[in-house]
> 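Quick one: the structure is below, and I'll ask about it shortly.
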Amino acid sequence: MAEWNSRRFCIFGLLHTTEIDRSGMIRVLHTADWHLGQRLANYERLEEHRAFLTWLCQTICDQKIDLLLIAGDVFDTGFPSNAALKLYYDFLREVKDTCCKDLVIIGGNHDSVSTLNAPAELLRHYKVHVVGGAPSNCEDQVIVLTDEESQPKAVVCAVPFLRDKDVRLSVPGETSEEREARLKQGICDHYHQLVPLVQHFKQQGIPVLATGHLFAAGGSGSDSEKEIHVGNLGQICGNQFPREFDYVALGHLHRPQVVNKMPHIRYSGSPIPLSFSEITDKKQVVILEFEGAELSSIKELLIPCWRQLVRFKGTIDEVFPKILAFDNSDTALPAWAEVQLQYEHNLHDHTAKLHEAFKLQDQVQLLMHRPLRTIDSQSLDQQLPSEQDLADLKPKDVFLKRCEEALEQDTYQDLVSTFDELLELMPQADQMLEPVAPSIDKP
């Protein structure tokens, strides 16, 4: 016993250890992208998040979870509200009263490193391991979980969101292709430098898990994720993760999915739909079971829906009855709706009728109204009266007609002003482009 501890600290430095009560197997729950404190169209999501965290605590008990992995984006912003912070700390306190003895939490691109890391030393005494950002010493990302006899039972390589400064040095004058290659290589190198630190455990038949908060190549995103790097550069493939990892718990993409058809590398997805682009997603957590070093089971457990996000699209005559007929009886909270209202003219009248529909349907609340003006499929030349030719129109008249077709009334005045400025500059540009006759010096 003492000999093993001495060897461990000699080889790996001060790796964090904790205890697991269960013997013979370990059960792990993977979740990510909570985005506590998120607002949708300036509406708070606190009720949904509170319901999820209550459900999660109960699920941890029901599923006899030993280890909880949270793969980044705990909060929606780097400066979470007091209400969001209270949800987080209340959950940590409550989960410590369950069978789950260990939590590993990493920072995502939405999280503030300092906010997550501030209580890290205190939380470690309660077996809550937080890695908010990439530490200067890579050994600090390797967390050894031990049983009641202080013997290693599992290892987690807790890799957080990797910023540019963590994985590469800037090179002046590099092309975008060179930057992308260096970024990818830097991310891969960061994971591979952890391999020597876990080889000793692999040889003993101890499972090794890893985390990540990144955009894996081939992943399917929604419109609620921020680009991690410009253009989502730095995408790495599943086979670029070290083979020594028995499971890779990923965060960032809000749709649950497997990476490159490799079941042990996957995104759990967000617990609630964070935008209307996610309304068809089935939200879930992932439950793993290890028997010794073998990943014997991967199970996807669906998360209940506490508030539906629904999208209505069409003319007012099509949308009106759909709103009235919408059934929200199976959901605890009123539904939130986005309406894409198609119209040709008289938007004000259509909007008034739309609001009338929502007054009659008290289980659905209008959150977003996106008017979509129907554009005539005819060309501008075809729309002119027979006695008028497109060549007869002044440039500004043509521009105004296009604005009237494509944009809502009273929304393009700034565009027209810019066009006027352009017309004023055109004569000056013509003068600059006029050829200057060469002067001939008389003899």
Side-chain angles (χ1 to χ4, degrees), residues 18-36 48-74 87-88 90-108 123 126-131 143 145 147 153-160 207-213 245-259 263-272 281-291 294-305:
T18 189
E19 294 181 357
I20 298 173
D21 291 336
R22 293 168 59 84
S23 58
M25 69 172 60
I26 178 172
R27 290 175 66 81
V28 184
L29 191 149
H30 166 203
T31 179
D33 296 285
W34 292 359
H35 288 268
L36 299 180
E48 297 158 85
H49 277 127
R50 186 177 293 109
F52 162 67
L53 294 176
T54 300
W55 173 87
L56 183 58
C57 271
Q58 185 60 51
T59 299
I60 286 171
C61 294
D62 295 343
Q63 298 292 328
K64 298 179 174 60
I65 299 300
D66 302 303
L67 168 64
L68 175 64
L69 297 178
I70 306 174
D73 280 355
V74 177
L87 276 180
Y88 174 59
D90 283 351
F91 170 78
L92 295 183
R93 177 181 53 80
E94 291 169 11
V95 81
K96 294 312 299 176
D97 292 332
T98 70
C99 56
C100 182
K101 302 304 180 184
D102 300 273
L103 285 77
V104 176
I105 304 170
I106 63 165
L123 291 175
Y126 297 93
K127 303 174 186 177
V128 178
H129 304 274
V130 180
V131 182
I143 300 171
L145 309 178
D147 59 19
K153 193 162 185 176
V155 177
V156 179
C157 295
V159 180
V208 175
L209 299 84
T211 64
H213 195 89
F245 296 159
D246 297 299
Y247 183 82
V248 181
L250 296 178
H252 178 58
L253 296 184
H254 298 164
R255 292 192 171 111
Q257 55 199 285
V258 171
V259 175
H264 72 293
I265 305 175
R266 62 173 67 205
Y267 292 91
S268 65
S270 61
I272 65 172
D281 297 349
K282 300 296 183 183
K283 298 303 183 180
Q284 64 179 40
V285 295
V286 183
I287 296 177
L288 321 169
E289 187 170 295
F290 285 92
E291 295 183 8
E294 181 186 357
L295 178 55
S296 58
S297 170
I298 301 178
K299 182 172 69 172
E300 299 167 352
L301 184 63
L302 292 181
I303 301 172
C305 175

> Quick check: closest heavy atoms across C100 and L68, and the distance to 0.1 Å?
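Minimum heavy-atom contact is SG-N, 3.8 Å.
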
> Checking side-chain contact (heavy atoms from CB on, under 4.5 Å) for the pair H213/D33: CA distance, chi angles, key distance, verdict?
CA-CA 9 Å; H213 195 89; D33 296 285; 3.5 Å; yes

> Go through the steps for V104 and D102 under the test side-chain contact (heavy atoms from CB on, under 4.5 Å), then give the verdict.
CA-CA 7 Å; V104 176; D102 300 273; 5.8 Å; no

> To the nearest 0.5 angstrom, please state how far the CD1 atom of I26 sits from the CG atom of L288.
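Spacing of CD1 (I26) from CG (L288) equals 9.5 Å.
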
> Show, in sequence, the C-alpha distance, side-chain angles and deciding distance for L92 and Y126, and conclude whether the side-chain contact (heavy atoms from CB on, under 4.5 Å) test is met.
CA-CA 9 Å; L92 295 183; Y126 297 93; over 6 Å; no

> To the closest 0.5 Å, what do you measure between CG (L301) and CH2 (W55)?
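Here the interatomic distance stands at 4.5 Å.
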
> Taking the side chain as every heavy atom from C-beta outward, state whether C157 and V208 have any pair of such atoms under 4.5 Å apart.
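Sidechains of V208 and C157: in contact.
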
> Out of curiosity, D62 CG to T98 OG1, how far, rounded to the nearest 0.5 Å?
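Reported value, rounded in 0.5 Å steps: 11.0 Å.
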
> Would you mind telling me which of Q284, Q63, E289 makes a side-chain contact (heavy atoms from CB on, under 4.5 Å) with K299?
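Checked Q284, Q63, E289 against K299; only one passes side-chain contact (heavy atoms from CB on, under 4.5 Å): Q63.
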
> How close do A32 and S268 get, counting heavy atoms only, and between which atoms?
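Heavy atoms only, the tightest pair is N-OG, 3.2 Å.
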
> Any ion pair linking K153 and D147 (charged N to carboxylate O, less than 4.0 Å)?
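Not counted as a salt bridge, because no side-chain N and carboxylate O are separated by less than 4.0 Å.
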
> To check you understand the geometry: which heavy-atom pair defines the closest contact between H35 and H49, and what is its length?
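Closest approach of H35 to H49: O-CE1, 3.2 Å.
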
> Does Y247 form a side-chain contact (heavy atoms from CB on, under 4.5 Å) with R266? I'd like the steps, not just the answer.
CA-CA 8 Å; Y247 183 82; R266 62 173 67 205; 3.0 Å; yes

> Within this structure, what is the CD-NE2 distance for the pair E300 and H30, rounded to the nearest 0.5 Å?
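Between atom CD of E300 and atom NE2 of H30 there are 11.5 Å.
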
> Return the minimal non-hydrogen interatomic distance between F91 and L56, and the atom names on each side.
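Scanning both residues completely, I find the closest heavy atoms to be CZ-CD2, 3.6 Å.
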
> Are any of the side-chain heavy atoms of R50 and L87 separated by less than 4.5 Å?
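They are in side-chain contact.
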
> Kindly give the heavy-atom pair with the smallest separation between H252 and H254, and that separation in Å.
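Smallest heavy-atom distance, with atoms named: O-CD2, 3.3 Å.
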
> Is the count of non-hydrogen atoms from other residues, nucleotides or ligands lying under 6.0 Å from K96 atom NZ greater than 12?
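Result for NZ/K96: enclosed.
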
> Evaluate the side-chain proximity of D246 to H264: yes if any heavy-atom separation is below 4.5 Å, no if none is.
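Contact flag for H264/D246 side chains = no.
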
> Is I143 close to L145 at the side-chain level, that is, under 4.5 Å between some pair of heavy atoms?
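Result yes, sub-4.5 Å side-chain heavy-atom pair found.
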
> Provide the closest heavy-atom pair for L53 versus L36 in the form atom of the first, atom of the second, distance.
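Taking L53 first and L36 second, the nearest heavy atoms are CD1-CD2, 4.4 Å.
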
> When rounded to the nearest 0.5 angstrom, what distance separates CG in L67 from CZ in R27?
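The distance works out to 12.0 Å.
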
> Measuring from D90:CG to T54:OG1, what's the distance to the nearest 0.5 Å?
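Spacing of CG (D90) from OG1 (T54) equals 10.0 Å.
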
